[in-house]
Every structure is written in structure tokens, then in C-alpha cells.
Amino acid sequence: MTDAILEAHVTEGALLATRRRTLVSLRRGDRAFFWATRLSAYAVLLILGGIILSLLSGAWPAMKVYGFEFLVTQRWAPNAMPEPILGGLGPIYGTLVSSLIAMAIAVPVGLGIAVFLTEICPPRLRQPIATAVELLAGIPSIIYGMWGFFYLGPFLAEYFQPAVIGLFANVPVLNEIFKGPSSNLSLFNASLVLAIMILPFVTSVARDVFMTVPPVLKEAAYGIGCTTWEVVRNVVIPYTRVGVIGGVMLALGRALGETMAVTFVIGNSFRISQSIFAPSTTISAAIASEFAESSDLHQSALILLGFLLFVLTFCVLALARLMLMRLEKRAGK
Amino acid sequence: MTFRKFMRTAIAGAWCAIAAPALAADISGAGATFPYPIYSKWADAYKKETGNGLNYQSIGSGAGIKQIQARTVTFGASDAPLTVDKLKKDGLVQWPQVMGGIVPVINVEGVKPGELVLDGPTLADIFLGNIARWSDPAIARLNAGVKLPDTAIAVVRRSDGSGTTFNFTDYLSRVSDPWKTKVGANTAVEWPVGVGAKGNEGVSANVAQTKNSIGYVEYAYAKQNKMTHVDMINKAGKRVSPTLGAFQAAAANADWANAPGYYLILSNQPGEASWPMTAATFILMYAQPADKAASAEAIRFFDWAFRAGDRMAEELDYIPMPANVKEQVRKTWAADIASK
């Protein structure tokens, strides 16, 4: 390789000096490349550290006033006298529950789509469906928000919610979770919109890893008389478990932080209701709604919420890593 | 080579731009979202007439106050006036520039615009959650002859901090003691019930598509979206509809002459024809501006708006300030804002 470059540089009758100069310039280029990549990598760490520091310094006044009470207080009264009473329990609860419901819907459906695409689907349909699912990921979140607000919300409030409320009216516990009145904007609606938004993440990762299963394994299973379900259950999923969990965690990360679509459809209420058909709020929706007009302690509390979301997302990713490590260890046995 | 040539041209171009004589800078301001449509309309007309532009960022009243305190803009705009103490502390001067009305809107099947009437305490009870059904006797008592369904009331309110909310909650605090003690008045409050929607447009869209709902929006939004407004019983005990005339009546009754620092909130004004939820929006400027030329330029713009902007304001459903108030504001400019 180097010789080829030298060939180009060192012309006929070239002196030794030219050769040396070329070598030096090549080495210099290498050095510059090394430092450029290295500094880019350091910059990421620096930016991350800077974000954490600025979040902490912004959140400090609220931390000092509310302390750990902030995590268990539900009241959010920025105009209370003499001092605002601010607690983050409502948005924290909304963030966790909406993501949880979204995952409960998106993971089975997303895996189902991936299984269909790789195992069952006729080849002619495969590409169109896969492209359609991936296009879902390309839709800006504000579009999901508007669609949820103008079409999905009214539809759910008119038909779906009353039916479910009626269905569980006499079942203990469930009648509290699915309690009326139905609402155009609710925790459940936000979860459903989130589920659709994260579906492509689950599906495309799962599809990609399902394709890596060696055909010989599947054919062996089919050869001994396994059904498609048994092949998927006992061969495909165990083989690709790590990749699938990676995709699921990626989706969860997006669900936790999603802002605009959720702000549109969740109803922005800081009160925690047992019913998932009641309005709620999430950390990112609360910040997006209130930050512009906030000041002093109110603003500091919003930054503290942002910091908590940061920690929450970090914990989720750390937990995912831990789970993956344990799974790998068990698989190794 | 072409890339290098392009870069050379670009750099030369940039140098020229920097070296070129500075043009007259635009007037810069930031603040309330509520008057943004009229400020930008005025700015357009003013630019056509004088060649001077106005750069107004509608980032919200609270943020506008912060910007002027940080002296990053020539003027700030807020829907809630600052108290005299605060003005003194920061060395600011404020005046009302234009007014608007806030209107309760509903979406109840069979009820036409202006058919339903509410009084202040009842409205407060609805937004407190104390009145939860449309068939409640407190509503029926005011509305003999109007057929109201026996369904739950869906309350829609703002999720973002807003001057509209400040003026609405201020009115409710004046007419309802339970509201005053439990919720109070602010740009963002602790709402006891309801769903939160972003901006006037969010609330109006939400009310429009939620059955049996009630919300509050700026008059312009109610009018442009042809929403079902609610009549109110005002301080004088008379039923009034939200019209420009009713807003003007409230404004005319306001005693600006005896309001130090123009600290006056227009809700619940006396007068038989006064709409109870009328609000002024304010401009904030420094008494001792760092850049006196920019400050004078801004005042020229607001003076021009007082002279030539009334019709444009009415076209957008804002209410111009009465002539005597304009005169008073002009005197304030001359007396309180240093121009030299």
C-alpha cells in the first residue's frame, strides 16, 4: 500500500530527500488522524460530564429545599404561598407506567412481526412490510402527537374506553385500573402512541438478529418434526436472545424520553390516578409544558426532574447490560 | 480545486459582510405569546412605512421578563403587570399596550353560542371540580329553559404557563373564596381537575373534540374557531356576551390614572356592560437604557402603534387602549425613560 503511494510520489530520478519527506508527511497524516479520532472520543466524555454538571447545578436549589421528599410528594403547586410545593412523584409515575404499558404492547407485537417476516411471510410480501415498519420509525414524533390528538384520542374515548370500562365494571381491582369517565387525553392513549412509535425499533432489530440464525439449526428442528412455533420458541429466540433484548432496551430508552407526542396526548395532569384512562404526565412532558414560563425554584425543580430522567434512563441501560451479562453467562454453561 | 475556489469566495464574501457599514439594527423584544399576532402585524406595517424592523420573540411572559432583566432585548412584554416594588428594584418602566378578552368555551350537544350563562363563583366551582355534572342545580338555576345533559363535565385548561391563565385565575380568585384559598392566581397553578392542553390552540382544539367539555381561551381563538362561548354575569349582576363592546366597556371603567406603575388587572371591572375577564398586556423597558438610541426607536414604534395601529388591532380582535390612557402613557415615556 505504502509502496503504491510512494510510487506515485517519488518520480523518476527522485532524490532520497524526497522519499524521506514523503514518509514524514505520511506519518504526520497518520498522527493527525489518530489525534482527531481520539479527541472526538474524549469530546463525548467531556460533553456528557458537562451535561451532568449543568443539570446538577441547575437542580441544586430544588434539591436543597425538597431533598428526598421530592421523590415521594405528589403535589405540584408552583404558585403555593409562601413557597412553591413541588413533588416529582406524578411525572415519575407517569413516565414509568406509560413506558411499561407501551412495552407490554410493543414487544409482543414487534416480535410477532419479526417472526412473521423471517419465518412465515411469502418472500414477495417480505420487503414491503419490512419497509413499512421501518418507515414508522422515520415519522417525526410531532406527527404521532397530532394524529393521537385529533384521531386516535377521540376514537378511543368514543368506542374503546367505554367498552373496556363496561367489560371490567364488576371485576375487582381491574375496575379500578379501567375506570371511567373516558377521556380524549389519557395515560393509556399516550402509552398506545408510544407503543406504535417504538414498534419499529423492536421489529427491525429482532428481524435482523432472527436472520442470523443458521438455517441448519432451523432445518434440523423442522427435520425432527417441530412446528413453526416450536422452532421459533426453542431455536430462534434462544439463539438471538441477546440481540432481541438489546432492541427492546433501545425501544424502552426511546419510550422513557419521548416528549412531543406524549405532551400532546397524555393530558398533562400531575395527579396520580389509579385509572389508566385518566390524564397523567411524564417528566419530559412536564418540562416541555412548563419550562418557558417557569422561574426560580419552579425552574430548578423542572431541571431536577430532567436529572432524574437522566438517572432513570442510565439505570435502565445499566440494568439491560447486567441482564445481558447474566444471560450470556448462563448460556455459556 | 473547485472546493478551494469556493472556500476562497466564501471567505471573501464573509469579510465583505463584516466590513460593510452596519445597517440600522432592528428593535428587539421578547415576551408574552398572547399579543404576538398583533405585534407582528404592527411590525410588518411599520417596516413598510419606515423601513425599520421589529424582532419580537414570543417566548412567554416569564421568559420575557427574564430577558429584559438580563438586558438582552430592548423591551420585554408580559401579560401580568409587575408590581411597583419590582419595577423600582429593576429600574423598569411598564405600560399597557393593547387589551384582549378571555372567554369560557363549551362543547355541549344542543347548546348554542351564548345560550349558556354562568357567574363567577359557578365557573370557579366547575374548575375546582365541586360542580362535576352539567345537570348540577347551580348551573340549572342560572339557565332556566336551557336543556343540559346529565353528563360529567370535562374540564380543559392550559398545561403551559401563560398570561391567559394568570388573568383567568385572577378573575376566579376575585369572585370565589374557595378558589383563592385552594388554587390562587398565577401563570401556572395547581389545577384540581381536568386535562392540560398546550397553548390557546391546544385548548380550543381539545374543547372542540371533547364532548361535554369546558375550557377558556383568548377571544380571538373562540371567534375564529366559531366556538360555543358562554355568557357571564358581571360584577354589576348583568348578563354580558363577549364582544368588543363589552371588553371596551371594561377597559373604559378601569382607573388607569390612579394606578401607580400601571399596575392594574382588568378582571371583574365594575360597569353594567363590562366583560369580567378582560386583560391588558404590558411592555417593560428600562428607565435608564444602556442603548438610548435603540430605546428611543422602540418608543417611536409603540407611539406609532398607538397612532396608527387601532384598526389592525380590532381586525385581530384585540382592543386598543382608550385615548386618555394613550396620552397618559406618552407622558410616562417623556418623564420616566431617559432619552439622552
Side-chain angles (χ1 to χ4, degrees), chain A residues 74-81 84-87 90 142 145-146 149-155 157-158 162 180-187 189-190 259-260 262-271 273 277-281 285-296 298-299 301-302, chain B residues 31-33 57-66 69 78-80 107 129 132-133 151-166 169 173 180-199 201-202 205-213:
Chain A
Q74 199 192 132
R75 249 190 105 189
W76 184 267
N79 64 325
M81 289 294 159
I85 299 165
L86 301 165
I142 188 95
M146 281 157 65
F149 183 82
F150 285 112
Y151 299 100
L152 187 68
F155 171 80
E158 186 86 0
S182 54
S183 167
N184 275 15
L185 308 178
S186 74
L187 182 62
N189 294 12
T259 309
M260 232 35 238
V262 173
T263 311
F264 263 66
V265 295
I266 200 163
N268 303 300
S269 166
F270 282 83
R271 258 151 228 283
S273 169
F277 293 148
S280 175
T281 192
I287 296 173
S289 296
E290 298 202 355
F291 199 78
E293 286 280 354
S294 64
S295 54
D296 309 332
H298 184 194
Q299 190 160 66
L302 288 171
Chain B
T33 46
Q57 310 159 33
S58 65
I59 50 178
S61 300
I65 294 170
K66 255 179 262 161
Q69 281 169 345
S78 170
D79 288 338
N107 176 3
R133 301 188 83 77
T151 50
I153 301 176
V155 170
V156 182
R157 37 76 178 179
R158 292 284 288 270
S159 62
D160 46 340
S162 110
T164 315
T165 299
F166 171 79
T169 51
S173 296
K180 194 175 179 179
T181 50
K182 273 180 83 176
V183 185
N186 206 334
T187 51
V189 295
E190 184 190 16
W191 296 98
V193 289
V195 300
K198 199 161 165 58
E201 59 280 11
N206 224 312
V207 169
Q209 62 175 225
T210 310
K211 280 184 190 157
N212 306 310
S213 59

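Below, chain A is the first sequence line, B the second, and so on; all start at residue 1. Since the structure is predicted, the reported quantities are computational estimates derived from the model, not experimental observations.
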Who among [options] has the most heavy-atom pairs with chain A under 4.5 Å?
options: Ala188(B), Gly184(B), Ala63(B); answer: Ala188(B)
options: Thr187(B), Ile59(B), Val189(B), Val156(B); answer: Val189(B)
options: Ala197(B), Ala205(B), Ala152(B), Ala154(B); answer: Ala205(B)

Lys66(B) NZ: over 12 foreign heavy atoms closer than 6.0 Å: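 Correct, the count exceeds 12.
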Greater than 12 external heavy atoms within 6.0 Å of Met146(A)'s CE: no
Closest non-hydrogen atom pair, Ser159(B) against Glu290(A): O-CG, 3.8 Å
Closest approach of Pro279(A) to Gly194(B) (non-hydrogen atoms, all atoms of both residues): CG-O, 4.1 Å
Can you tell which part of [X] gets under 4.5 Å to a heavy atom of chain B, answering side chain, backbone, both or neither?
X: Ala288(A); value: backbone
X: Ser183(A); value: side chain
X: Phe291(A); value: neither

Rounded distance [0.5 Å steps], CG in Asn186(B) versus NE2 in His298(A):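 Here the interatomic distance stands at 9.0 Å.
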Working for side-chain contact (heavy atoms from CB on, under 4.5 Å), residues Val195(B) and Asn184(A): CA-CA 9 Å; Val195(B) 300; Asn184(A) 275 15; over 6 Å; no
Contact check, side chains of Pro84(A) and Glu190(B), non-hydrogen atoms, under 4.5 Å: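 Side-chain contact under 4.5 Å: no.
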Chain A contact via Ser162(B) - which portion, at a heavy-atom distance below 4.5 Å: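 For Ser162(B), the backbone is the part near chain A, not the side chain.
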Residue part contacting chain A, namely of Arg157(B), when any heavy atom lies under 4.5 Å: side chain
Heavy-atom donor-acceptor pair, Arg271(A) side chain to Pro192(B) backbone, under 3.5 Å: yes
Pairs of heavy atoms under 4.5 Å with chain B: top-ranked of Phe150(A), Phe270(A), Phe264(A):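 Most heavy-atom pairs under 4.5 Å with chain B: Phe150(A).
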